[in-house]
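These notes are about the structure you will find just below.
Letters A, B, ... are given to chains in the order of the sequence lines, protein chains preceding strands, and every chain is numbered from 1. Bear in mind that the values here come from a model prediction, so they are computed numbers and not experimental data. Computed from heavy atoms alone, side chains included, the values below leave out hydrogens, waters and symmetry copies.
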There are 2 protein chains.
Amino acid sequence: MNLKSQVEWALHCAAVLAGLPEGRYLSTKALAEFHGLPKEYLSKALQGLSQAKLVDTTLGPSGGYRLARPASDITFLDIVEAVEGKGRTFVCNNIRANNPCRPAGFCDDKPCGIARIMWQADEAWRRTLADAKLSDLVAGLAKDVPADIMAASRDWVLERAG
Amino acid sequence: MNLKSQVEWALHCAAVLAGLPEGRYLSTKALAEFHGLPKEYLSKALQGLSQAKLVDTTLGPSGGYRLARPASDITFLDIVEAVEGKGRTFVCNNIRANNPCRPAGFCDDKPCGIARIMWQADEAWRRTLADAKLSDLVAGLAKDVPADIMAASRDWVLERAG
DNA sequence: GTAATCAAGGATAATCTATATCCTTAAAAA
DNA sequence: TTTTTAAGGATATAGATTATCCTTGATTAC
Ligand code: FES
Ligand code: FES
């Protein structure tokens with residue numbers, strides 16, 4: 001039960017895009033190179049962000065991606081769901097319906113108590129991600145990452161941003 | 001990113017075992033039949049519970065499984081981890097290390113801020129499951145499931161419990 | 001206008017994981 | 001002694017993840 005690695009990719013890309021000056025775009029190529037990722041496959045993750053309207057895109061040279069909203073309006077949950085889907089991690093196959101002691105055609109009025117608890121846990125997970133804003137992440141990075149690497153990365157990105 | 005269906009199976013089996021009278025055992029065959037599941041494959045899930053010491057087993061005719069501890073001492077997390085493993089759902093592949101602006105051999109002192117938040121969400125999920133006791137589930141089932149089905153199931157199980 | 005660059009997305013392949021079955025072994029009970 | 005059982009090894013099938021390649025049409029730079 002692992003999240004796909006694209007989730008890590010998308011979150012890191014979003015963090016980079018959040019640091020981009022107003023109105024500029026960064027291409028898949030640059031994002032892939034910056035993170036050491038396969039460009040074509042990373043592209044699928046970015047398409048997910050695009051379909052979820054988290055990023056704007058533009059074509060042609062100097063084209064690429066930028067955030068569609070302020071980083072303070074984008075949560076981890078937005079990004080994770082854009083890549084991983086909105087489905088629950090626990091899927092109930094309703095095995096209780098196979099109980100041989102049930103009258104034929106019996107219909108449950110509530111979801112199973114086991115599913116309810118598993119879904120509560122899913123909800124707790126989602127709530128934590130919904131409370132984590134992209135802007136908080138960016139602020140945190142500024143403290144974690146040494147200033148020289150931060151500055152060098154900024155320059156590296158700006159050189160490639162259209 | 002789905003939990004394996006064995007999680008649902010194991011939780012339902014644990015609920016049935018919790019209803020078993022003191023000292024009696026129920027076999028894989030009975031549990032598989034009761035839930036309409038493939039016996040051999042369900043066996044793997046039950047082996048997981050056994051390895052986690054959540055259930056006791058005994059061999060021979062009238063053998064099978066029973067809870068190793070009171071249902072009030074077993075949580076959803078115990079069961080889920082026994083089947084699904086204890087690993088985190090978010091795996092950090094440390095892609096930040098591929099940043100071309102880093103000095104060679106640079107070593108991070110903290111886990112990445114993205115991983116920290118994803119792991120917090122994992123923790124929230126686990127905490128919810130750790131707070132859900134098997135005994136609470138059994139009490140809840142008594143309310144959800146119609147009394148006649150409950151009684152019939154109880155008889156069905158007792159007929160097969162060694 | 002022309003050539004280069006880009007996102008989007010379809011098609012396909014490789015690799016892993018989940019699902020499932022079969023079979024052997026050894027212990028316990030009848 | 002025979003039957004029943006859990007444990008676990010060996011495979012097999014299906015599905016998901018990871019990855020590459022190629023086409024299309026839009027946009028920019030020249
Ligand atoms: S029937 Fe699916 S969790 Fe109970
Ligand atoms: S490097 Fe893995 S989450 Fe940031």
**Message:** Any non-hydrogen side-chain atom of B/His12 less than 4.5 Å from a side-chain atom of A/Ile95?
**Reply:** yes
**Fill in**
Its contact letters, B for base, S for sugar-phosphate only and - for none at protein heavy atoms under 4.0 Å, make nucleotides 14-19 of chain C read ----SB
**Asked** Quick one: is D/dA7 close enough that its OP1 or OP2 comes under 4.0 Å of any side-chain N or O from B/Gln51?
**Response** no
**Flag, side chain of A/Arg102 to backbone of A/Arg96, donor-acceptor distance under 3.5 Å** = yes
**Request:** Compare all side-chain heavy atoms of B/Ser5 with those of A/Phe90 and state whether any distance is below 4.5 angstrom.
**Result:** no
**Complete:** Rounded to whole Å, the CD-C1' distance (A/Gln47 to C/dC6) equals 12 Å
**Asked** Rounded to whole angstroms, how far apart are CG on A/Leu17 and C1' on C/dA7?
**Response** 14 Å
**Message:** I'd like to check A/Val16 versus A/Phe34 (side-chain heavy atoms, cut-off strictly below 4.5 Å). Are they in contact?
**Reply:** yes
**Prompt:** Between the main-chain N or O of B/Arg88 and the side-chain N or O of B/Asp122, is there a donor-acceptor pair closer than 3.5 Å?
**Reply:** no
**Message:** Rounded to whole Å, please give me the gap between CG in B/Leu54 and P in D/dA6.
**Reply:** 17 Å
**Item:** Of all pairs that satisfy side chain to side chain donor-acceptor pair (under 3.5 Å), the ones with a partner from residues 144-161 of chain A, not counting sequence neighbours
**Value:** A/Asp144-B/Lys110, A/Asp144-B/Arg116, A/Ser153-B/Asn99
For nucleotides 11-14 of chain D, give me every protein contact, N/O to N/O, under 3.5 Å, one pair per line with atom names.
none

**Message:** Just to verify, what does A/Phe106 make a ring pair (Phe, Tyr, Trp, His ring centres under 6.0 Å) with, not counting sequence neighbours?
**Reply:** none
**Asked** Whole-Å distance between D/dA7 C1' and B/Leu42 CG?
**Response** 14 Å
**Complete:** Residues of residues 21-38 of chain B with a heavy atom under 4.0 Å from any atom of DNA chain C, listed by number, are B/Pro38
**Message:** Using side-chain heavy atoms (C-beta onward) and a distance below 4.5 Å, is B/Trp125 in contact with B/Leu129?
**Reply:** yes
**Item:** A/Glu84 side-chain N/O to B/Met1 backbone N/O, donor-acceptor pair under 3.5 Å
**Value:** yes
**Donor-acceptor contact below 3.5 Å, side chain B/Gln6 vs main chain B/Val83** = no
**Pairwise side-chain contact, B/Leu26 with B/Cys13, heavy-atom cut-off 4.5 Å (strictly under)** = no
**Request:** Using distance alone, with no hydrogens and no angle criterion, decide if A/Asp131 and A/Thr128 have a side-chain donor and acceptor under 3.5 Å apart.
**Result:** no
**Prompt:** Which part of the nucleic acid does B/Ser50 contact within heavy-atom distance under 4.0 Å: base, sugar-phosphate only, or nothing?
**Reply:** sugar-phosphate
**Asked** Checking all strands, does B/Gly64 fall into the base, sugar-phosphate, or nothing category for heavy-atom contacts under 4.0 angstrom?
**Response** sugar-phosphate
**Asked** What's the CG-P distance between B/Asp56 and D/dA7, to the nearest Å?
**Response** 10 Å
**Request:** Report yes if a side-chain nitrogen or oxygen of B/Thr57 is closer than 4.0 Å to either non-bridging phosphate oxygen (OP1 or OP2) of D/dA7; otherwise report no.
**Result:** yes
**Request:** Go along nucleotides 22-30 of chain C 5' to 3' and tag each nucleotide: B for a protein heavy atom under 4.0 Å from its base, S when only backbone or sugar atoms are that close, - otherwise.
**Result:** BB---BBB-
**Request:** Give, for atom CG of B/Asn94 and atom CD of A/Glu8, the distance between the pair rounded to the nearest 0.5 Å.
**Result:** 7.5 Å
**Message:** Are B/Leu46 and B/Leu31 packed together at the side-chain level, in the sense that at least one heavy-atom pair is separated by less than 4.5 angstrom?
**Reply:** yes
